[in-house]
S.K.: 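Before I ask anything, let me first share the structure, which is written out below as structure tokens.
Quick caveat: nothing in here was measured; it's all calculated off a predicted structure. Naming: A, B, ... by sequence-line order, numbering from 1 per chain. For the numbers below, each heavy atom of this structure counts, side chains included, while hydrogens, waters and symmetry mates do not.
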Amino acid sequence: MMRRFFLIAVPYAWLLALFLVPFIIVLKISLSDTALAIPPYVPTVEWGQVREFLSQLDFENFVWLTQDDLYWKAYLSSVQIALLSTLMTLAIGYPVAYAMARAPEEWRATLMMLVILPFWTSFLIRVYAWMGILSNEGFLNQFLMWTGIISAPLTILNTNAAVYIGIVYAYLPFMILPIYATLDRMDASLIEAAEDLGCSRVSAFWLVTVPLSRNGIIAGCFLVFIPALGEFVIPSLLGGSRTLMIGKVLWEEFFNNRDWPVASAVAVILLLILIIPIVLFQRNQQKQAEAEP
Amino acid sequence: MPEKIFAPWNDPDQKPLIRFQNVTKKFGDFIAIDDLSLEIYEREFFALLGPSGCGKTTMMRMLAGFETPTSGSIELAGKNIVPVPANKRAVNMMFQSYALFPHLTVWDNIAFGLKRSKMPKDQIAARVDEMLKLTRLGKFARRKPHQISGGQRQRVALARSLAKAPKLLLLDEPLGALDAKLRQDTQFELMDIQETTGTTFVIVTHDQEEAMTVASRVAVMDEGKLIQVATPDRIYESPESVYVADFIGDVNIIEGRASKQGEDLYRVDWAEGQAPLVATSDREFSEGQTCHLAIRPEKIAISAEKPAEADNAVQGSILDIAYLGNLSTYHVELPGGMIIKAQTANTRRLSRRSFTWEDTVWLSWTATGAVLLAE
Amino acid sequence: MMRLSWFNIVSLTLGFAFLYLPILILVIFSFNESKLVTVWAGFSTRWYGELLQNEAFLNAAWVTLKVAVFSSTLATVLGTMAAYVIVRAGRFPGRTLFSGMIYAPLVMPEVITGLSLLLLFIGIGLDRGVLTIVLAHTTFSMCYVSVVVSSRLVTFDRSLEEAALDLGCSPFEAFRLVTLPIIAPAVIAGWLLAFTLSLDDLVIASFTAGPSSTTLPIKIFSAVRLGVSPEINALSSILIAIVTVGVITASLVTKRNALRQKHEEQAAARAQ
């Protein structure tokens with residue numbers, strides 16, 4: 001009995017102290033006034049005084065977020081960038097996953113390893129690799145000018161286009177893997193059955209393969225969308241000064257403006273936005289787990 | 001013949017090795033074991049038999065110490081073992097999945113329990129070698145479980161659970177994973193090993209043939225209760241309920257009303273316009289009580305002419321013949337639509353078989369050939 | 001065997017080219033003589049030499065390695081415990097909160113995790129340094145470890161543990177002698193994942209690091225913000241080479257073991 005208590009208590013206490021408590025502090029600070037002291041905030045909420053707490057709640061920082069349209073735009077453009085790049089990742093990832101599942105059996109383990117390999121490689125380095133490709137005198141422009149498609153270099157680096165490329169590139173394995181997993185498990189005789197019943201190859205794909213890989217598609221989309229929404233490294237390295245993403249805004253609010261309460265309020269709202277896709281994702285995973293005992 | 005007199009359950013002076021007393025086990029609202037009492041004696045090969053979900057596995061897991069009864073007590077050699085944890089019980093178990101440790105060799109698997117008991121090294125080695133010899137596994141001592149066949153794995157599991165010389169060995173569907181041929185051989189091997197080691201065995205199985213073959217006594221269970229506990233021949237020849245009669249082997253059940261005809265003899269009226277049947281019974285039935293007549297197919301004779309001196313005879317036509325090689329089972333439809341199964345040994349060649357489809361035949365059996373049951 | 005259609009071959013080629021070309025270009029140009037990273041001026045290992053003399057990078061690498069070893073080891077212990085609790089402990093008060101806290105860090109944006117931990121450390125007056133990064137990394141990577149380990153534990157045949165108890169083991173002995181050796185590959189995979197996550201992390205480390213405890217990703221990030229540099233290319237290439245060798249070795253070993261096991265099982269079945 002002691003042993004069981006100890007086993008539960010240790011990781012529990014760790015997570016409470018280093019995950020839940022910090023988050024409550026963020027919530028608390030987001031309801032505080034800014035001050036130029038270090039730490040640069042004045043707590044307006046004292047813990048344990050619940051009645052006062054409710055009367056003293058200071059939503060000033062949140063009101064500020066609604067008034068300054070920078071934040072609105074940042075939220076909207078984060079959602080837009082995350083959504084569009086998720087769709088682009090799907091468009092690229094699905095054919096790759098499909099081809100992998102159709103590849104000869106002895107190739108598959110190797111192909112699988114090739115997809116996982118970038119995942120183990122530093123994210124920062126993989127994003128950085130694109131800086132040399134997308135810059136004005138970068139390899140892409142050199143190549144396009146050499147082929148004669150363009151005559152003057154295109155400005156790609158430090159624009160939203162570069163951010164899209166970066167997200168698609170960085171999160172492609174997350175899209176390929178779950179889709180490949182569902183396609184790989186699919187019984188090949190289902191396609192034969194569909195063709196036997198009069199489907200053409202293309203209609204068999206749309207009527208059988210795609211519906212059966214639905215779970216993989218949904219899982220892949222969430223796995224790309226959720227981290228893309230709060231992304232910081234990609235917009236700050238590949239994006240320009242006009243690229244608005246909420247992770248970057250939070251970072252700048254914190255490190256450059258030193259406005260901790262506003263940064264905390266941004267964090268709280270980012271989380272509120274994320275809760276919807278996270279809950280949906282969790283539900284989808286659960287449904288899937290129940291469907292396959 | 002010592003087997004003939006091995007019947008400690010009939011001897012009032014014998015102390016049981018295991019005693020379940022009013023044991024109930026609930027999982028939430030589900031009652032897995034319902035106020036059950038049972039005694040098992042030393043050196044017995046005791047089978048718990050029943051369909052899945054009847055509670056037989058729960059009984060075994062309570063003996064091993066993996067489940068605690070909700071109420072009641074379980075005694076082992078006179079001591080209540082309910083508060084004793086699994087690792088401190090002189091009871092070992094052979095798991096259905098064998099549960100062989102995949103990272104250890106056959107030798108280390110067998111030595112595993114001995115090492116836990118702080119036995120000196122040379123004694124461990126001697127005991128493991130003894131077990132390897134007993135189960136004919138000497139050649140495979142250095143192999144890992146995945147490097148041996150299913151039958152060999154089964155023997156490793158047996159050797160491992162016997163190594164500590166437990167007072168009681170529990171076997172959870174020990175032969176379930178083997179194919180039919182291997183299973184038969186292994187059944188006899190198990191009986192031999194049980195006899196050589198003198199260990200008390202409790203086996204859980206859903207296979208009635210297996211239970212009948214290996215066990216000294218069989219407990220038929222259903223829905224957490226014991227339906228009947230008896231020797232295999234008594235379970236088969238004199239079941240105490242329709243459930244047991246039906247669960248063990250093939251049987252014809254005819255429902256009717258009993259009326260007393262003489263000492264231990266009853267008349268059974270069972271259908272309009274049909275001659276009543278007669279059966280002996282040492283159970284008492286009141287006048288007109290609903291009863292069930294259970295007749296094993298092999299106790300029914302089949303003939304073209306009405307047999308002159310049969311206690312019971314009914315006429316019908318052959319609906320189906322199942323040819324099983326050594327036996328043939330005839331499905332005979334009686335005028336009321338009831339179907340009776342009769343079995344004959346195929347002592348003659350098929351081409352000289354006397355009956356075929358749609359023949360009208362007589363079925364007959366003696367008054368002692370059927371069992372009269374209340375429910 | 002199925003034959004690949006043209007469409008599939010094209011998808012595979014383009015897909016993998018997209019995944020690998022950027023890395024390949026980066027590695028090739030790390031051997032470029034010129035300081036201009038986009039113009040090839042001949043083969044040279046000059047930048048590797050300069051890198052090895054760059055004290056700041058070497059210090060950062062050392063800090064990163066220390067943080068990664070400590071945090072991944074701690075995370076493996078805590079994550080394995082947490083996985084055990086999730087899969088085995090049954091019901092206990094606060095179970096929902098517990099599993100919520102295990103899964104939440106997996107989807108939590110790094111900026112939020114970093115920010116909240118920094119505010120905690122300031123709140124309790126803990127000086128930022130190696131210790132705070134280790135604490136932060138342990139917290140989020142233990143969740144990854146617990147996911148990896150619990151997915152193995154779910155398929156673990158419980159009767160193996162029961163057999164160990166039945167043969168006289170205490171519950172802890174059963175874990176040490178039976179469960180742990182069998183789930184070891186998952187625990188090791190969890191450790192490697194935690195190690196890599198710690199090695200790669202920029203955002204959380206930026207929030208929780210002090211001035212004297214700059215990690216390699218922080219160093220790379222501040223250098224890279226100013227633009228592409230051949231030294232960073234060289235550093236990246238080294239890191240990529242380490243990971244590549246590691247992953248390929250691991251997958252070859254796994255593949256060989258699986259093949260051998262299959263082979264032996266078939267042999268055992270034939271011998272029956």
Side-chain angles (χ1 to χ4, degrees), chain A residues 3-4 7-8 10-12 14-15 18-23 25-26 29 39 92 95-96 98-100 102-104 109 113-114 116-118 120-126 128-133 135 137-139 142 169 172 226 230 232-233 237 247 250-251 254 263-264 267 270-271 274 278, chain C residues 1-2 4 8-9 11-12 15-16 18-19 22-23 25-26 29 37-38 78 81-82 84-85 89 92 94 98 101-102 104-105 107 109-112 115-117 119-120 122-123 135 139 142 171-172 196 199-200 202-203 217 220-221 224-225 227-228 232 236 239-240 243-244 247-248 251 255:
Chain A
R3 212 178 281 115
R4 182 168 179 265
L7 184 67
I8 297 174
V10 171
Y12 210 137
W14 184 285
L15 285 171
L18 287 150
F19 181 73
L20 198 64
V21 169
F23 193 70
I25 295 176
V26 170
I29 292 175
I92 296 173
V96 177
Y98 181 83
M100 278 172 65
R102 292 282 163 278
M113 192 201 72
L114 284 174
I116 295 173
L117 188 58
W120 291 91
T121 317
S122 169
F123 188 83
L124 184 58
I125 291 174
R126 285 190 298 138
Y128 161 72
W130 280 95
M131 291 177 70
I133 297 174
S135 65
E137 58 282 359
F139 301 107
Q142 288 181 23
Y169 175 73
L172 189 59
I226 293 170
F232 163 73
V233 175
L237 287 186
L250 193 157
W251 177 286
F254 189 87
S264 301
L270 171 57
L271 206 66
L274 269 174
I278 288 172
Chain C
M1 195 45 45
M2 273 175 287
L4 277 179
N8 287 341
I9 291 174
S11 317
L12 278 183
F16 283 99
F18 178 61
L19 276 178
I23 296 177
I25 292 173
L26 183 129
F29 276 81
V37 280
T38 52
L78 287 167
M81 286 172 90
Y84 223 72
V85 170
F92 58 89
F98 185 77
M101 288 194 299
I102 283 290
V107 287
E110 289 167 323
V111 278
I112 298 182
L115 174 69
S116 64
L117 281 165
L119 295 178
L120 172 81
I122 289 174
L135 290 176
T139 306
M142 75 177 268
F172 182 69
T196 322
L199 222 54
D200 285 355
L202 163 71
V203 177
I220 295 176
F221 183 69
V224 150
R225 277 196 127 169
V228 181
I232 299 289
S236 304
L239 293 177
I240 289 167
V243 169
T244 309
V247 171
I248 289 178
S251 79
K255 197 173 166 185

S.K.: Assess the residue pair Tyr128(A) and Ile220(C) against the criterion (side chain to side chain contact (heavy atoms under 4.5 Å, CB included)); give the C-alpha distance rounded to whole Å, side-chain angles, the decisive distance to 0.1 Å, and a yes or no.
M.R.: CA-CA 9 Å; Tyr128(A) 161 72; Ile220(C) 295 176; 5.7 Å; no

S.K.: Among Ile112(C), Val247(C), Leu26(C), Leu117(C), who wins on heavy-atom pairs under 4.5 Å with chain A?
M.R.: Ile112(C)

S.K.: Where does Phe16(C) contact chain A at under 4.5 Å (heavy atoms): side chain, backbone, both or neither?
M.R.: side chain

S.K.: Minimum heavy-atom separation for Gly230(A) to Val111(C), with atom names?
M.R.: O-CG2, 4.0 Å

S.K.: In terms of heavy-atom proximity below 4.5 Å to chain A, should Leu202(C) be classed as side chain, backbone, both, or neither?
M.R.: side chain

S.K.: CE/Met113(A) to OG1/Thr244(C) distance, rounded to the nearest 0.5 angstrom?
M.R.: 8.5 Å

S.K.: If we define contacts as heavy-atom pairs under 4.5 Å, which of Leu124(A), Ile278(A), Leu274(A), Ile116(A) has the most with chain C?
M.R.: Leu124(A)

S.K.: Please determine, among Leu250(A), Ile133(A), Leu237(A), Ile92(A), the option with the most heavy-atom pairs under 4.5 Å with chain C.
M.R.: Leu237(A)

S.K.: Picking from Ser122(A), Pro118(A), Ala129(A), which has the most non-hydrogen pairs under 4.5 angstrom with chain C?
M.R.: Ser122(A)

S.K.: Which atoms of Leu7(A) come close to chain C, meaning under 4.5 Å heavy atom to heavy atom: side chain ones, backbone ones, both, or neither?
M.R.: both

S.K.: Which one wins on heavy-atom pair count under 4.5 Å against chain C: Leu20(A), Val21(A), Leu270(A), Val233(A)?
M.R.: Leu270(A)

S.K.: Where does Leu114(A) contact chain C at under 4.5 Å (heavy atoms): side chain, backbone, both or neither?
M.R.: both

S.K.: Kindly compute the distance separating OH (Tyr12(A)) from CD1 (Ile102(C)), expressed to the nearest 0.5 Å.
M.R.: 10.5 Å

S.K.: Which region of Trp14(A), side chain (C-beta onward) or backbone (N, CA, C, O), has a non-hydrogen atom less than 4.5 Å from a non-hydrogen atom of chain C, or is it both or neither?
M.R.: side chain

S.K.: To the nearest 0.5 Å, how far apart are CD1 in Ile125(A) and CD1 in Ile240(C)?
M.R.: 5.5 Å

S.K.: So which of Val10(A), Leu117(A), Val26(A) has the biggest tally of heavy-atom pairs under 4.5 Å with chain C?
M.R.: Leu117(A)

S.K.: Heavy-atom cut-off 4.5 Å, strictly under: side chain, backbone, both or neither for Leu19(C) against chain A?
M.R.: both

S.K.: Is any side-chain heavy atom of Leu119(C) closer than 4.5 Å to one of Pro22(A)?
M.R.: no

S.K.: Sort out for me which of Phe232(A), Phe19(A), Tyr169(A), Phe123(A) touches chain C most, counting heavy-atom pairs under 4.5 Å.
M.R.: Tyr169(A)

S.K.: Quick one: does any side-chain atom of Arg126(A) pair with a main-chain N or O of Ile23(C) as donor and acceptor, under 3.5 Å?
M.R.: no

S.K.: Could you grab the distance from atom CH2 of Trp251(A) to atom CG of Leu115(C), nearest 0.5 Å is fine?
M.R.: 11.0 Å

S.K.: So for Ser236(C), is it side chain, backbone, both, or neither that comes closer than 4.5 Å to the heavy atoms of chain A?
M.R.: both

S.K.: Quick one: what part of Leu239(C) sits under 4.5 Å from any heavy atom of chain A, side chain, backbone, both or neither?
M.R.: side chain

S.K.: Quick check on Leu18(A) against chain C: is it the side chain, the backbone, both or neither that has a heavy atom closer than 4.5 Å?
M.R.: both

S.K.: Answer with side chain, backbone, both or neither: which region of Ser251(C) has an atom nearer than 4.5 Å to a non-hydrogen atom of chain A?
M.R.: side chain

S.K.: Is Phe23(A) in contact with chain C via its backbone, its side chain, both, or neither, using a 4.5 Å heavy-atom distance?
M.R.: both

S.K.: Between Leu120(C) and chain A, with a heavy-atom cut-off of 4.5 Å, which part of the residue counts as in contact: side chain, backbone, both or neither?
M.R.: both

